[in-house]
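What follows is a set of notes on a single structure, which appears directly below.
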Amino acid sequence: MSWFWFSIITLLCWSGSDFFSKIGCRDARDKYSQFKMVMAVGLVMGLHALFEIFVNGVEISWAVIWTYLPVSLLYIGSMALGYVGLRYIELSISSPICNASGALVAILAIVTGTAEIMEAPQYLAIALACAGVIGLGFVEASEDDALRAARQEASNYKYAKSWLALALPIAYCLLDAAGTFADELVLETLNEDSANVAYELTFLVAGIVCFLYTCVIKKQKLVPKMEAPKYVGAIFETAGQFTYIMALASGDAALAAPIISSYCMASVLWSRLFLKEKLSWKHYACIAVTFLGILIMGIYDM
């Protein structure tokens, strides 16, 4: 299979992960939904890690796990915060904000002096992604409550204006950017496959901890109908990680990267078609600016 089809599959998998995670976590009445989502992802990633170790022969050791642990915790923490955020804000808004983490990674690299010399479009991409996210924040904060209620009517889910709704995807963006920045440094000393297995095993441990807290300590029940979307999202997340690696290894990574980076636009499309989320033209304008920045960064990523 060519890099193009692996890229398309990755786009569909990661946007599918966004979509089903949103379905699994959007009920604001379930304050344990983020822990249940971590349980689902931890189980699926743990199973994949075991497959990689015992079938594909990927080498893993405690030294690798401990070395990669800070990166793993940053990624897992960002995802957990993202799952909390899905209770309070539309996927159409949260996904582009979360995906702007690439711009923050570039800013971190520039500030710390680790960035290579970039071309003018890359600086423009950073500015566009940041401007789009900031614009989304202003639009959300200033939107009239009556207009918000009117456009949310079709989705049957009402999201109130609050600082938490924007703070959570922004926190995801910050932690994910820190994780990506640290990832690039740590992977200079680790094998990529071993590091990925270490991350998946750490996620498994996080899932077990969440299970003990949610189901044993807090005695929460797991209703199959409510939990199924979480596990579908977890499968899409793990499958997307696999096809992402295959896409970059199978051909021209510079062409694969922009296709994959556009998955947040597919997330917006699914949320509009199936979740009936409706945004104002100002929201969509800011999302388009953010997406353009992400797309340009994807083109120059490799």
Q. Which pair of heavy atoms, one from L190 and one from T67, lies closest together, and at what distance?
A. CD1-CG2, 3.9 Å

Q: May I ask you to decide if T238's main-chain N or O and Q241's side chain share a donor-acceptor pair within less than 3.5 Å?
A: no

**Q.** Closest heavy-atom pair and its distance - D18, S95
**A.** OD2-OG, 2.9 Å

**Q.** Residue from S33, S78, S21 passing side chain to side chain contact (heavy atoms under 4.5 Å, CB included) with Y83
**A.** S21

Q. Taking side chain as C-beta onward, heavy atoms only, is L279 less than 4.5 Å from I287?
A. yes

Q) Out of curiosity, does I93 fall in the hydrophobic cluster containing W281 (side-chain heavy atoms, cut-off under 4.5 Å, transitive links)? A) no

**Q.** Close side-chain approach of L185 and V71, heavy atoms under 4.5 Å
**A.** no

Q) Taking only residues at least two apart or on different chains, which pairs with a member in residues 198-222 satisfy side-chain hydrogen bond (donor to acceptor under 3.5 Å, both in side chains)? A) H48-E200

Q: Quick one: closest heavy-atom pair of D176 and S101, and the distance?
A: OD2-OG, 2.8 Å

Q: Apply side chain to side chain contact (heavy atoms under 4.5 Å, CB included) to the pair L166 and I97, showing each step before the final yes or no.
A: CA-CA 9 Å; L166 280 172; I97 293 176; 3.9 Å; yes

Q.
Any non-hydrogen side-chain atom of F203 less than 4.5 Å from a side-chain atom of V38?
A. yes

Q) Say you draw a straight line from OH of Y32 to SG of C215; how long is it, rounded to the nearest 0.5 Å? A) 11.0 Å

Q | Polar side chain donor-acceptor pair, E140 to H283, under 3.5 angstrom | A | yes

Q.
Within this structure, what is the CD1-CD1 distance for the pair I170 and I134, rounded to the nearest 0.5 Å?
A. 9.0 Å

Q. Going from CG on L201 to CG on L69, what distance comes out if it is rounded to the nearest 0.5 angstrom?
A. 11.5 Å

Q) Any luck finding a side-chain donor-acceptor pair between S92 and S271 under 3.5 Å? A) yes

Q | Residues N196 and Y68: side-chain donor-acceptor under 3.5 angstrom | A | no

Q) Can you find a heavy atom in the side chain of V133 that is under 4.5 Å from one in the side chain of C173? A) no

Q.
So, taking the atom named CG in N56 and the one named CG in L50, what distance separates them when rounded to the nearest 0.5 Å?
A. 12.0 Å

Q. If you take all heavy atoms of L187 and A195, which pair is closest and at what distance?
A. CD2-CB, 3.5 Å

Q: Any chance you could measure I294, atom CD1, to M265, atom CE, to the nearest 0.5 Å?
A: 6.5 Å

**Q.** ILVMFWY network linking Y231 to F51, side-chain heavy atoms under 4.5 angstrom
**A.** no

Q: Find out if a path of hydrophobic residues (ILVMFWY) with successive side-chain heavy-atom gaps under 4.5 Å connects L269 to I23.
A: yes

Q. Looking at side-chain heavy atoms only, is the closest gap between F20 and K230 below 4.5 Å?
A. no

Q: Give a yes or no answer on whether the side chain of E277 reaches the backbone of L91 with a donor-acceptor pair at less than 3.5 Å.
A: yes

Q: Report yes if the side chains of R87 and R29 come closer than 4.5 Å at any heavy-atom pair, otherwise no.
A: no

Q: In sequence, state the C-alpha distance, the side-chain angles, and the governing distance for T10 and F242, and then conclude on side chain to side chain contact (heavy atoms under 4.5 Å, CB included).
A: CA-CA 8 Å; T10 303; F242 173 76; over 6 Å; no

Q. Are V41 and L43 connected in a single hydrophobic cluster, I mean Ile/Leu/Val/Met/Phe/Trp/Tyr linked by side-chain heavy atoms less than 4.5 Å apart?
A. no

Q | Closest contact, heavy atoms only, I89 versus K22 | A | O-NZ, 2.7 Å

Q) Would E90 and L275 count as a side chain to side chain contact (heavy atoms under 4.5 Å, CB included) if you check the C-alpha gap in whole Å, the side-chain angles of each, and the deciding distance to 0.1 Å? A) CA-CA 9 Å; E90 291 95 332; L275 301 179; over 6 Å; no

Q: For residues W14 and Y263, establish whether the separation of their ring centroids is below 6.0 Å.
A: yes

Q. CG of L47 to CG of L204: how many Å apart, nearest 0.5 Å?
A. 8.0 Å

**Q.** Nearest atoms (heavy-atom pairs only) where P96 meets T290
**A.** O-CG2, 3.6 Å

**Q.** Same cluster (ILVMFWY, side-chain, under 4.5 Å), V209 and L73
**A.** no

Q) Run the side chain to side chain contact (heavy atoms under 4.5 Å, CB included) check on S267 and F19 step by step: do they pass? A) CA-CA 6 Å; S267 299; F19 175 71; over 6 Å; no

Q | K36 with D30: basic N within carboxylate O range, under 4.0 Å | A | yes

Q) Do S72 and I65 touch side chain to side chain, with heavy atoms closer than 4.5 Å? A) no

Q) Does V139 sit in a hydrophobic cluster with other residues, and if so which ones, taking ILVMFWY side chains as linked at heavy-atom separations under 4.5 Å, directly or through other members? A) none

Q: From the options L86, V84, L168, select the one residue that forms a side chain to side chain contact (heavy atoms under 4.5 Å, CB included) with Q34.
A: V84

Q | Within-4.5 Å side-chain heavy-atom neighbours: Y284 and R272 | A | yes

Q) How would you list, by chain and number, every residue that makes a ring pair (Phe, Tyr, Trp, His ring centres under 6.0 Å) with F291, sequence neighbours excluded? A) none

**Q.** Side chain T243, main chain G240, donor-acceptor under 3.5 Å
**A.** yes

